Each structure stands twice: as structure tokens, then as C-alpha cells.
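Below is one structure, written out as C-alpha cells; comments come after it.
Nothing here was measured: the structure is a model prediction, and the numbers come from that model. Order of the sequence lines sets the chain letters (A, B, ...), proteins ahead of strands, with each chain counted from 1.
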2 protein chains.
Amino acid sequence: MSKRTEKTIVDIAEELNLSVSTVSRALNDHPNISTRTKEKVKKMARKLGYRPNAMAAGLRSNRSRTIGLMVPRISMFFPATISTVIQNKLQEHGYNLLICQSNDSLEQEIALANTLYSARVDALAVSTTLYTTDFSHFDIFRDNNIPLVFFDRVPGTHDVKVVKGDDYRGGLAVTEHLIEKGCTDIVHISGPLSCNLYVERVAGYKKALQRHKIPFKKSRVFYQELTKENALQACARIFAQKPYPDGIFAANDTTAITILEYCRKINVRVPEDLKIVGYSNDPRAEIIRPSITSVDQFPALMGEKVAAALLELIQQPKSTPQQFSQEIIPIQLIERESSAADAKSRTPAKKKQKQG
Amino acid sequence: MSKRTEKTIVDIAEELNLSVSTVSRALNDHPNISTRTKEKVKKMARKLGYRPNAMAAGLRSNRSRTIGLMVPRISMFFPATISTVIQNKLQEHGYNLLICQSNDSLEQEIALANTLYSARVDALAVSTTLYTTDFSHFDIFRDNNIPLVFFDRVPGTHDVKVVKGDDYRGGLAVTEHLIEKGCTDIVHISGPLSCNLYVERVAGYKKALQRHKIPFKKSRVFYQELTKENALQACARIFAQKPYPDGIFAANDTTAITILEYCRKINVRVPEDLKIVGYSNDPRAEIIRPSITSVDQFPALMGEKVAAALLELIQQPKSTPQQFSQEIIPIQLIERESSAADAKSRTPAKKKQKQG
DNA sequence: CCCAAAAATGCAAACGTTTGCATAAAAAGA
DNA sequence: TCTTTTTATGCAAACGTTTGCATTTTTGGG
């Protein structure tokens, strides 16, 4: 039935005895075109069932009106929320979002970078793999003046635009919170140090210990991909021999939840015997009993900032030298049951005031 | 620095004294090109930092190597999981996925359909809005022989390719389960009937009641968007006056969780006083205490099927008349604490055998 | 009513590929 | 060596827009 049905602006032009350029401009609301013509053209476009061809437009104009987004995985709470916000915001401004996930595989990340470049995205937002330490596969974008924004998992260098959480302060806040609740032997389950944000959280953790004159013990920190399986393995080691720690700072909530369930099984009481704090404020943390203290990273806010940064970078003329500002999203500790001070433990001595 | 740096196949051709067509074919591994030439070309491409321009290729070949995916929202467990699977599978076959969310707004859905058509996606997978009853905005795709697959939330008509859960059986299974556990007054909190899948679940619910000779009461069914807020409102009404129901079948887990928490507040014991079953098997259902009985819809499997359907449709020649098979993904009731038979309640009489 | 300025439209080249067809080169058959 | 077949390569026209510049039409001032 419908074979060569695809109508083009040429068809519209012929139908109305206008030139293609006029039709093109009319459809794009170019100021030089009279209102009367615009209306005529749009009406005919509707009548013919004309559908613009984005590839043709993109090829000619060198703008795809598409923005790339790369995240480790979209099925996790934090990146999913961010993606949603970014997409909605960009949609408002007429941009499509090409969402891709690297599955935390560097190889896939590199392949996707190439694909997105081939698609000639107008900009790219990236939260990298856990294992990305070399960022050169993103150079094409910078070299060709394509706006590039890193968020959450970002490179350590300072020659890129970055939107990130305040991971140092997060690590600090969690650890001080545990100390204030009476913990003196705090395990930290961290992600791999190839990812900067964990480096910073560890730094915060260490700083808190130091402030409160608690010795840092290497054996009390685990570096691992923060999966359920790995959390279980860590538990096995942590609870293999006494003394058990009295506090655990887990770098994500999946880990915290797993530990909590493990404790239930081996009859370690939370928070009485052991206090647990997670990270990211996953919805599950609020629902589990005892509910888990966690750190809100304001993913919606982060998404807003990323979207805003993308739009700003796109709009400014290509010649403008890029500003490489770092944007730091604040964090907030959400206190819940898993780290509550239990009745019998006396309030810990505040040896030192927080110094902001 | 890098101004007109964008290398094209023309540059490669000139560099090697070959024609552009040869270069193009060489890069695409066309059988007519000698191995020697292919190697030369690819080497030069690498040397020049050549990056294919997908828009140019797409314009000419009328294939974008991009597939569209439209879901209500990607931040919910079920669609997020499906999206992940689809993306990974398609990626293996060299396709990009353009993920969009309609935010359950019909208006946005229509706009997105147009956008995706403009992008000339090679195929489209859709899970519609709760309120989509007119599907004509997807006609463009069918009319132009662009493979179109609906999943989860699908049209009722039979002239489209569909992958869906077994919602009738799901509704039936949940309700019979509650009855078997002793419930005789079962509230059903359903989504709006504009969405077929809820129609089917309600049908299953009714069928189960009928089988067990329990009268259907209109006032015991709520039709609403399944948000937390709406769940709270429903709770207010349900528990405004006695007798309270002894079972609740919630059409998603967010609703089930909200009810559970509401019960805790008003001292209704679950499962002793009231049994609750949710739907979709959200991770939270397993974690909350009491854990919530729910229905696994096998999102990963559904994703696989959708991806497979897309690929199959793409590969078959355009002329082939489309087969409009319906694919039904089985469901599985996952029994948990929230619907456990309590000690004192006698096992209910099985008045009738399950029949299939 | 004329002319300059402003507004509206048209021309044609480009954007970077792919691809049907023609041709050239190499291999094979006699 | 000369055809014939097979294998490689080249030519040139698309694909559907956008856009700088030229041209035409309209407007308005005098």
C-alpha cells in the first residue's frame, strides 16, 4: 500500500509552488518568513502527513538534537533517578537523550563512546565505569568541541566539567556519626579505589578517625565492587573472629542491607551490638527493619545540574574556551534505626568540636 | 586548534588514491573488496582518526541502526529491568537504543512517537501510558513498515505484535492464594481500567471469587493510579469503618508496601488480621518485614523476548506481511510472610479444585 | 508616483555516506 | 595468445535537509 509515501519538504514546496528553502524556513519558524506563508506551509505539511527527517537535518546542520548519556547501569536507584531527571529536563528543551549503559565494563564504555560520537550527539554526560582510570576514549569529544560533562563517577583531573557528590564530606559525616553514637571500631566497606569517589570517602573516613584519635587499621577497610555477593564474603571475614566491629560504614545500601540481614542470621543485634550506615539513600534503606541510616546524595538535584550544564555548554558558541568548573552537590546524612544510640550506651564524649 | 579536523571517507580515498565507494565498501567489509585493500583502508582510517558519520550513512541507507524504546518511566523496577535487558541484547547486534519515558503522560507519548519517527528508528518497542486507549499515534510506524512491538502495557487489539505478562492468570493466582489462606473479604486495588492489563487482573480476581462462591462487591475494588499517595487515600477509606477486609490484593508493590506501613500504624496485624499481596516482585517486597507476597513477572525474560522480537522483525524483508503473534510471559506467585496462614486460622475448605 | 529600505522568497551548493551500474583488472579456460 | 569468467574498483547519483547569498516583492517616506 504505502510504498513511496514518505513526504519531504520538496513535496510541500511543489504543492504550494514555493521553494524548498522557504518551506524549510517556514517549518523552522524563521523570522524572515511571513506568517501567512508559515501557516500555509504547516497546514500543507499536516495534510500531506509530512515527517521531518532528523538525519537529513542533522547531516546538513551538524546538529543532531540528541544528547548522549552513559551510566554504569540504569536499573540502579541512583543513576536511574538521575537519568530520569536529565531526560525530562532536556526534553523540555527539544533534545533527545540517548541513554546507554556500560555495565561497568571498560570495554563497553569505549565502544559506546565511539558509537555516541558516530551518532554525532550534541553533548555527552558520563558517569564512568568503576574501573575507568584512563579517560582518553572521551578525548574525541573534547577535541571536537562537543560539550562533555562528567557526573558522580568522574575523572580526578581538573580539565573537565564535573558534577559530583561531596564524597569526602560524606565519608566524614558517616564516620563521625558512628563515632558520636559510640563506635570505636569501625569497618569501612569501600568500592575499588580506581574510582575516585571512593578514594574521597575513604579520606573522609580516615579524617574522622584521626579527629577522634581512633587509630586507622588497614585490615578494617575492604575494597571491592559493591555487590551482594561481595558483601557476603566480606561479612564472612568480618565475623570470622572476634572482636567484632561495633560500626560498619558501607559505601552503598545494597551492601548495608546485606550486612544487616547477615547480622540477623548470626544474632548480632543492630544497632545495639553493631551500628550500620549505608550510602545513597536507596528506597530500600527506609523500608527495611531496622531502617538503615544512609547518605542522601540528592540525585534529582544532581540530574538538574547535569542537564543545566549540558544545555549551557551547548548554547555557548563553539569558540568560547570551556570553563572547567567543578560542581559539588551537598550530601545529607539521614539518621535511622540502624545507627541509633541504644539506651544503655552512655553518650560518647565529644572530644572535639566539629569544625565544619 | 582542531577546526576542520573531521575526517571523512573522502579524505581516506584521496590519501590512498582510491574511490570513495571502494573505501566505503572496504570499511563495511563488502565481499567484493580484496583483503589487501580492506586492510589498507582500515589502517588509514585509524591513522587519520576517521569517525563514521551515522547520520550521513543513515540518510543514504535509510537505516539508523537505532531502535526506540518508550516506557512510562525508567526509574521503576520493572521497566528499568526490562530496558536494561533490551539494551544489552540489542547492543550485541550493533543497535543503539534510544530510551524515552512518557512519564505516563499521553501528550508526551505522542510527542515522543513523533520524535522517534523523525529519528527514523529502525524499530520501536513501547509500553504505553496508563491512559493510552487510542493508539493511532503509532500508526506511522506500521504504515511505514517499521517494526513495532508493544510490551507489558499493550493495546487490546490483535493487529500488533505484543509481549505481555499473564495478567489474567496473575489476578487469578493472587486471589485464589488469598482465598486458600482463609480470606473471604478481599479488597483489590487496581490500576485504572484504561490500561488493559488491569482489566485482566480484575477479571482474574473476579473469576477466583466466583470459583469459590464469594460474592463480588463493587465497593471492594479501587481503580486508581498506583502511587503512594493514592494508596494512602484508599487506606483511609478502607479502614474508615469496620468490617475491615481480611485480604488485600494490590496491583503493585508500592501500594502493598504503603498499605503494610499503614496497618502497622493502626495496629492491624499482617498477616494475622489482614493478608496482603502485591504485584511485580519489586526488590523492596522481599526486604520489608513482614515480607510481601508478590507476583514475579520475569522482567528479564520479557526483555529478552522483546529484543528478540525486534531483531526478528528487523531482519525479515520489508515485504513480508507482519505476523501479529501475542507472546505471553508466565507469572509466578512468590509466597512470603504477608499472606502466610496464621496458626489459629484453620486451613480453608478447598471447595473446588483448581482447573488449570 | 518614485525610490530606498525592509521584508520575503528563491537558488544552488553543501553535508558524508551508500549503492546500482559500468568498467577495469585479474584469473581461468582453451 | 585470446576469450570468457570472475573479482575489484570507480562513477555519479542519490538521500532530505539547511543556509549564505542573490533576488524579488512589499512597505513606507517624501
**Item:** Ile33(A) vs Ser24(B), nearer the 5' end of DNA chain C by closest nucleotide
**Value:** Ile33(A)

**Message:** Regarding Asp11(A), tell me which of base, sugar-phosphate or nothing describes its non-hydrogen contacts under 4.0 Å with the strands shown.
**Reply:** nothing

**Asked** Looking at dC11(D), does its base get a donor-acceptor pair with the side chain of Ser21(B) below 3.5 Å?
**Response** yes

**Prompt:** So what does Asn53(A) touch, heavy atoms closer than 4.0 Å: a base, only the sugar-phosphate, or nothing?
**Reply:** sugar-phosphate

**Asked** Has Lys164(A) got more than 12 heavy atoms of other residues, nucleotides or ligands less than 6.0 Å from its NZ?
**Response** yes

**Prompt:** Between the base of dT18(D) and the side chain of Arg60(A), is there a donor-acceptor distance below 3.5 Å?
**Reply:** yes

**Fill in**
Between Val23(A) and Gly58(B), the residue closer to the 5' end of DNA chain C by nearest nucleotide is Val23(A)

**Request:** Look at atom CD of Gln326(B) and say whether more than 12 heavy atoms of other residues, nucleotides or ligands are closer to it than 6.0 Å.
**Result:** yes

**Prompt:** Are the side chain of Asp134(B) and the backbone N or O of Ser136(B) linked by a donor-acceptor pair below 3.5 Å?
**Reply:** yes

**Asked** Which nucleotide sits closest to the side chain of Thr8(A): dG16(D), dT9(C), dG10(D)?
**Response** dG16(D)

**Nucleotide of dT19(C), dT18(D), dA8(D) approaching Thr37(B) most closely (side-chain heavy atoms)** = dA8(D)

**Asked** In terms of side-chain heavy atoms of Leu59(B), which of dT19(D), dT9(C), dC15(D) is nearest?
**Response** dC15(D)

**Request:** Using a 4.0 Å heavy-atom cut-off across all strands, classify Arg51(B) as base, sugar-phosphate, or nothing.
**Result:** sugar-phosphate

**Message:** Should the side chain of Arg120(B) and the base of dG16(D) be counted as holding a donor-acceptor pair, with the cut-off at 3.5 Å?
**Reply:** no

**Complete:** Taking dG16(D), dT18(D), dA8(C) as options, the one with an atom nearest any side-chain atom of Ser61(A) is dT18(D)

**Request:** Mind checking Arg63(B) for me? I need base, sugar-phosphate or nothing, with any heavy atom below 4.0 Å counting as a touch.
**Result:** sugar-phosphate

**Asked** Which distance, rounded to the nearest 0.5 Å, do you find between the OG1 of Thr84(B) and the CD1 of Ile99(A)?
**Response** 10.5 Å

**Item:** Closest nucleotide among dG10(C), dG16(C), dG10(D) to the Arg25(B) side chain
**Value:** dG10(D)

